[in-house]
Number of protein chains: 2
Amino acid sequence: MVTLAEVAQHAGVSASTVSYVLSGKRSISASTRERVEDSIQQLGYHPNAGARALASSRSNIIALMVPLRTDMYVPVMMEIAIAVATSARTHGHDVLLLTGEEGPAAVRRIAGSSLADAMILMDVELHDERLPLLRDSGRTAVLIGLPADTSGLTCVDLDFEATGALCVDHLAGLGHREVAVIGEAAAVYERHTGFAERTVDGIRAKAQETGMRILHRPCEGGYAAMAGTLGRIFDERPGTTGFIVQNEAAVEPLLNLLQQQGRAVPEDVSVVAICPEQVATQASVRLTSVAIPAQEMGRRAVEQVVAELAGRGTDEVELLEPVLTVRASSGPAPV
Amino acid sequence: MVTLAEVAQHAGVSASTVSYVLSGKRSISASTRERVEDSIQQLGYHPNAGARALASSRSNIIALMVPLRTDMYVPVMMEIAIAVATSARTHGHDVLLLTGEEGPAAVRRIAGSSLADAMILMDVELHDERLPLLRDSGRTAVLIGLPADTSGLTCVDLDFEATGALCVDHLAGLGHREVAVIGEAAAVYERHTGFAERTVDGIRAKAQETGMRILHRPCEGGYAAMAGTLGRIFDERPGTTGFIVQNEAAVEPLLNLLQQQGRAVPEDVSVVAICPEQVATQASVRLTSVAIPAQEMGRRAVEQVVAELAGRGTDEVELLEPVLTVRASSGPAPV
DNA sequence: GAGTGGAGTCGAAGCGCTTCGACCGCCGCT
DNA sequence: AGCGGCGGTCGAAGCGCTTCGACTCCACTC
C-alpha cells in the first residue's frame, strides 16, 4: 500500500503539504498542488481509511439500520437503502448496513466505537427503544419515519396523515360512502409503527369530515390472506364500493379477487393504493395511487445527515407532501 | 469516549494487558481478566474502530456490492443483503453497502483505502469488469454468481444449469412436449448475467435429451409486458402446455392472464417457477418451483469470506443444489 | 541448587493520517 | 527604509490501538 509519506517524498514536499492538498484546508500554490496530484496519480495512492478516522475522528461512514423483517414493504426498503448509499457517496460518505437484529445494542456499539459519524434509522416505532440511546449518544441521527416524541431528532417521512386524507378525499369526491382500508399486517400495528397508524388516523379524521364510513382491516400480503380478509369485509359491509390499500403485497391479490368475483374495477369498485409508482403502473389495472417517494426519502435523510455533520444542523421534522395520481382503478361510485 | 488507557488505569494494569484480554492472543490470569472486564463494563468502553483498523490492518468490515438496478429480482437481492449483514455480525464483522453505480472504481477505492477486509460481489456478469481489479487488488473476495473465468476466485451460487434441467425434467416427466421459458428482462441477457444464461443452457441441454421443444423469451416484469410476450408465444407455438418462469415479477401476471384466457392451471397448462419460496407460496396458485436460496447464499458467502480471512482459504466454486418442490401449478400434460 | 521453560505482565514502537504552531519570504503599506 | 501580514510550507505531536520483545516469577527437572 502506498502511504502519504511516499507520495510526499515522490513529490518532494512534506507529508503535511500532501494532506493539505487533499483536504484543501490550507492554501497551496498551484505548482505544488499539481506536482502532488501527479504523484498521487502515478503511485495510485488512496488514503488509509483507518488512519484518517483515527486522526480526524471522522470516519465518513453513515450507519443505516434497516428492519430485519424481509417480509414487509421490501421494495420500498430496498429503494431507500440504495438511495441512501448512492447519495451518501455523492457527499463522500459510505454506508454501513445494520440489520434490526442487533437492536438497540447496535446503536451503542456504533456510537461507542466511532465506526460511523451518523446514523439513519428506518422502520421507526412510535416508542422506539433505540431513541433514548441515540439521544444521549450525542451522535447525529436522522430517522426515516416519525416517532411519538421527535424532540431533539431530525426526521424525514412522507406525511402519512395527509396521505390518508388525500385518499379519502379522492374517493369521497367520486361519491363513495363505504370504504374499506386494507392495512399492513397486524404485526405492524402491534409494533406501533408510526406510518401505519398515522395513515389510519388521517383516513379516520377525513372520513368523519366527509361523512364516509370506514372499515379498517390489517392484512398480511399474499393471495390467501387477502381472500379471507376480502370475504369478511363484504360480509360485514356489502355496500363497500371503495378500497384504500396500504399493503403493497395485497394489491395484486385484491385486483385478482375482485375480478374473479365479477366486480369490475373501477365501474363497481374503486381502488386507491399507497405504494411506489412502479407497483402502481405495473399492476394488472393501472392504479390510482399515492406514491411512496422512497428515493426522495433516502436522499433527504442523507442531506440532513450531511448538513448536521457540517454544523448546519436543523433538528426538524421534514414531511414530504403526498401526491395522488389518478389512473384507471378509481371512478365514480355506482348509483 | 473512554479509551483503552483509561480502562487500563482503572483496572490497575497496562494498556497491553487490556488489549490481550480483549483479543485473547496471550494468556491472562483469571483474576486480572476479571478486573479488566469489570472496568470495561463500568466505564462502558468500546474499542475505537479506526485505531483498531490502523494498528491491526483489519477493519472487520466486509464490503457488499449490490446492483444499482432496483427493478430486478429485488426481494432476492434484499434477502441476500440482509443475510450477509446478519451472518457477518455473528462473525464479528460489519457490512459496507456499495451500489453498482461506482462500478469498478469502487473496488479500487475500497481495496486502496483498506476500508474493508474483503468484498462480496453480487450480480456478477460473465465478463465482469470488476474481476481483473479484484484479482490484482489481492483482497479476499467472494462472488455471489458465476463469471466465465473463476480462476483465483471463490464463488457461491445456486446451480442454475441444474435448476433449468430440473424444471425440464419435471415437465417432461408429466408428458409436456412444448414448453415456453419466460426469462428475465432482455437487458439481463445483454449484460451476460451468468445465472440467466446458465439457466437457459441447462434447460436447452435437458430439453434436447428429453425431446422437448423449447421457446425462450425474455420478458420484463409487469402485466403489460407479460401480456405481449404471452400473446406472441401462443401465436408461435399454439401447442404450448408448459411454462418455466424465471422472472418473478412475471409470475403473477402470467397466472392472471392464463386465467383470463380460460386456460386452467394446472389442467391445461403447467407452470414451474424459479423464485424464492415466499413468492411461490403467496401466488394466486401455489407454485411448483425451484427455490432461490437467498439466505443460504448470503450466509455461505460470508462463511467463505471469514474462512479466507482466517487463512483457511479455499478458492473454490460452491454450487448449491437446486430443489424442486411440487405444488399446485403443475400436472400431467393434457392429451 | 543451578538451569529450563512457560505463564503472565509490561514498555515502547509504530500503524498512516490530521492539525497546530512556527517559519520564511515577499508584497505593500506608511 | 522598515514593518506588518499573509500565502505557502514544514516539523512534530498526537489520535487509540496492536504487537513484539523483554522481563519477572515460579514450578519443575536433573
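These values consider heavy atoms only, across backbone and side chains, with no hydrogens, waters or symmetry-generated copies.
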Could you tell me the separation between the [atom1] atom of [X] and the [atom2] atom of [N], rounded to a whole number of Å?
X	N	atom1	atom2	result
B:Met1	D:dG14	CE	P	21 Å
A:Leu115	D:dC15	CG	C1'	16 Å
A:Leu54	D:dC15	CG	P	9 Å
B:Leu43	D:dG16	CG	C1'	15 Å

Heavy atom of residues 20-38 of chain A under 4.0 Å from DNA chain D: which residues?
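Residues of residues 20-38 of chain A that come under 4.0 Å of DNA chain D are, in numerical order, A:Tyr20, A:Arg26, A:Ser27, A:Ile28, A:Ser29, A:Thr32.
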If you define the side chain from C-beta out and look only at heavy atoms, does anything of B:Pro132 sit under 4.5 Å from B:Pro104?
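No. Closest side-chain heavy atoms not under 4.5 Å.
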Answer yes or no: is there a side-chain heavy-atom contact under 4.5 Å between A:Thr99 and B:Arg89?
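No, every pair of side-chain atoms sits at 4.5 Å or beyond.
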Heavy atoms only, 4.0 Å cut-off, all strands: where does A:Thr3 land among base, sugar-phosphate and nothing?
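Answer is sugar-phosphate: A:Thr3 comes under 4.0 Å of backbone atoms only.
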N or O in side chain of [X] less than 4.0 angstrom from [N] OP1/OP2:
X	N	answer
A:Ser16	C:dT19	no
A:Arg52	C:dT18	yes
B:Ser56	D:dT18	no

Test your reading of the model: is there a side-chain donor-acceptor pair from [X] to the backbone of [Y], 3.5 Å cut-off?
X	Y	result
B:Asp38	B:Arg35	no
B:Ser59	B:Leu115	yes
A:Arg108	B:Gly44	no
B:Arg130	B:Ala106	no

Of the non-hydrogen atoms in A:Met119 and A:Leu134, which two are nearest, and what is the gap between them?
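That closest heavy-atom pairing would be SD-CD1, 3.8 Å.
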Nearest to side-chain heavy atoms of [X], which nucleotide of [options]:
X	options	value
A:Ala51	C:dT18, C:dC10, C:dG16	C:dG16
B:Leu4	D:dG11, C:dG16, D:dT18	D:dT18
B:Tyr45	C:dT18, C:dC10, D:dC17	D:dC17
A:Asn48	D:dG11, D:dT18, C:dC17	C:dC17

Which residue, B:Thr17 or A:Val2, contacts DNA chain C at a nucleotide closer to its 5' end, judged by nearest heavy atom?
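Residue closer to the 5' terminus by nearest nucleotide: B:Thr17.
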Measure the angle between the two terminal helix axes of the helix from C:dG1-D:dC30 to C:dT30-D:dA1, five base pairs each, and quote it to 10°.
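Answer rounded to 10°: the end axes differ by 40°.
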Run the side chain to side chain contact (heavy atoms under 4.5 Å, CB included) test on B:Val84 and A:Leu97 for me, step by step, so that the C-alpha distance in whole Å, both residues' side-chain angles and the decisive distance to 0.1 Å come before the verdict.
CA-CA 10 Å; B:Val84 166; A:Leu97 185 66; over 6 Å; no
Distance-only side-chain donor-acceptor flag, B:Ser114 / B:Arg139, under 3.5 Å:
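A pair is found: one side chain offers a donor N or O, the other an acceptor, under 3.5 Å apart.
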